[in-house]
Colleague: 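Mind having a look at this structure? Questions to follow.
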Amino acid sequence: MLLVSSRDITERRRAEEALRASEARFDQLAEQSGTVAWEVDAQGLYTYVSHVSEAVWGYHSAELEGRMHFYDLHPEQGREAFKTAAFAVFDRKEPFQNLVNAVERKDGRLVWVSINGLPLLNPDGTLRGYRGGDTDVTERKRAEEALRENEKSLRESQIIAGLGSYVLDILTGSWKSSPVLDEVFGIDDAYERSVEGWIALLHPGDRTIMADYLRNEVIGQGRTF
């Protein structure tokens, strides 16, 4: 005799396919954004690292899981301070939010990542570890540094030339000026940075002309000064 039984597993198969599709979409997004998903235990040892680590950090996940702690990737200079600060957060069981930090790749190059992580707790409330992600923000960091350098050069050039500058926000009617211009006008940070405040700095004979220009050509009709 041959006894055969069959079971309908259609729903289970559909669930498995949906799960695989969801994981594939997540992987695509993670690769596109340069985000390494990870989990660590209460001592900071990696227990899971996504495959994106190879592209961002230069390490295969197998080289990290059960072998390295999260702080091992921090550059040697400042590593102990970073470790101490991180474990202080561990002790408080607080999340990490947009913590920008340097990571030393396997080839020695530095990359910058934005860290977000959530604590994982045991049923008794003790810390089991953390789960989160590191997003590569190296290009953004370089752009910010370049912008700061440009702003520094501009300030130095203005000081040498005795040249000031200001920016007017048309939507709010407020403005901000460079330190050199503040010195020329004899004002400080407490000065009212409104359009009215700007006009008050002008020669009395020019105030009506400037008010008309701002009202008609810049800000628009209907505002009085």
Side-chain angles (χ1 to χ4, degrees), residues 9 11-149:
I9 59 171
E11 292 304 318
R12 190 183 76 185
R13 291 284 294 181
R14 288 173 178 168
E16 291 173 350
E17 291 172 359
L19 178 60
R20 283 194 293 270
S22 177
E23 290 175 343
R25 286 193 293 269
F26 176 79
D27 285 345
Q28 289 174 352
L29 290 173
E31 290 174 2
Q32 181 69 24
S33 64
T35 299
V36 182
W38 49 261
E39 289 185 11
V40 298
D41 63 17
Q43 287 70 49
L45 182 69
Y46 284 115
T47 56
Y48 166 77
V49 180
S50 68
H51 69 279
V52 185
S53 64
E54 193 166 6
V56 178
W57 297 339
Y59 287 95
H60 191 276
S61 58
E63 298 178 274
L64 299 168
E65 295 171 354
R67 296 173 178 269
M68 297 181 69
H69 299 77
F70 70 88
Y71 51 80
D72 292 327
L73 298 180
H74 193 281
E76 185 174 356
Q77 184 176 2
R79 183 180 298 166
E80 285 303 314
F82 171 71
K83 178 180 176 181
T84 299
F87 278 117
V89 178
F90 274 41
D91 290 340
R92 297 192 298 269
K93 303 172 189 174
E94 294 178 347
F96 292 92
Q97 293 183 330
N98 300 319
L99 174 63
V100 177
N101 178 64
V103 169
E104 185 172 346
R105 285 173 47 92
K106 186 177 180 179
D107 58 13
R109 292 188 292 116
L110 290 184
V111 295
W112 289 88
V113 297
S114 177
I115 306 172
N116 288 276
L118 295 172
L120 303 174
L121 303 180
N122 293 311
D124 61 359
T126 57
L127 183 68
R128 179 162 56 90
Y130 270 79
R131 174 184 297 142
D134 286 17
T135 301
D136 187 354
V137 294
T138 305
E139 291 304 317
R140 188 187 78 188
K141 186 73 173 177
R142 289 173 179 167
E144 290 172 350
E145 291 175 353
L147 179 60
R148 282 194 293 269
E149 285 297 318

Colleague: Sequence neighbours excluded and cut-off under 3.5 Å, please list the side-chain donor-acceptor pairs for residues 79-87, or say none.
Modeller:
from: Arg79; atom 1: NE; to: His74; atom 2: O; distance (Å): 3.0
from: Arg79; atom 1: NH2; to: His74; atom 2: O; distance (Å): 2.9
from: Thr84; atom 1: OG1; to: Glu80; atom 2: O; distance (Å): 2.9

Colleague: Side chains of Thr135 and Ser114 only: does a donor on one sit below 3.5 Å from an acceptor on the other?
Modeller: no

Colleague: Could you check whether any side-chain N or O of Arg67 sits under 3.5 Å from a backbone N or O of Leu45, counting only pairs where one atom can act as donor and the other as acceptor?
Modeller: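 Judged by distance alone, no pair lies under 3.5 Å.
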
Colleague: Counting N and O atoms only, with roles assigned by atom type, does the side chain of Arg131 sit under 3.5 Å from a partner on the main chain of Gly117, one being a donor and the other an acceptor?
Modeller: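 Checking the backbone N and O of Gly117 against the side chain of Arg131, no donor-acceptor pair under 3.5 Å is found.
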
Colleague: Parallel under 30°, tilted from 30 to 60°, perpendicular over 60°: which one fits the rings of Tyr46 and Trp57?
Modeller: tilted

Colleague: Do Asn101 and Trp112 get their side chains close enough for a donor-acceptor pair, meaning under 3.5 Å?
Modeller: no

Colleague: Looking only at heavy atoms, what is the nearest atom pair of Pro95 and Val89, with distance?
Modeller: O-CG1, 4.3 Å

Colleague: Holding to side chain to side chain contact (heavy atoms under 4.5 Å, CB included), I want the full list of residues that pass it with Glu65, two or more places apart in sequence or in another chain.
Modeller: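 Here the qualifying residues are Tyr48, Val49, Ser61.
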
Colleague: How long is the gap from CG on Leu64 to CH2 on Trp38, to the nearest 0.5 Å?
Modeller: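 So the CG of Leu64 and the CH2 of Trp38 are separated by 12.5 Å.
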
Colleague: Output yes when a side-chain donor or acceptor of Asn122 lies under 3.5 Å from a complementary backbone atom of Asp124, and no otherwise.
Modeller: no

Colleague: Say you draw a straight line from CG of Leu127 to CZ of Arg92; how long is it, rounded to the nearest 0.5 Å?
Modeller: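 Taking CG in Leu127 and CZ in Arg92, the distance rounds to 12.5 Å.
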
Colleague: I need the minimum non-hydrogen distance between Met68 and Leu73, along with the two atoms involved.
Modeller: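 Nearest pair, atom of Met68 first, then Leu73: CE-CD2, 3.7 Å.
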
Colleague: Using the test side chain to side chain contact (heavy atoms under 4.5 Å, CB included), find all partners of Thr47 that sit at least two apart in sequence or belong to another chain.
Modeller: Glu39, Asp41

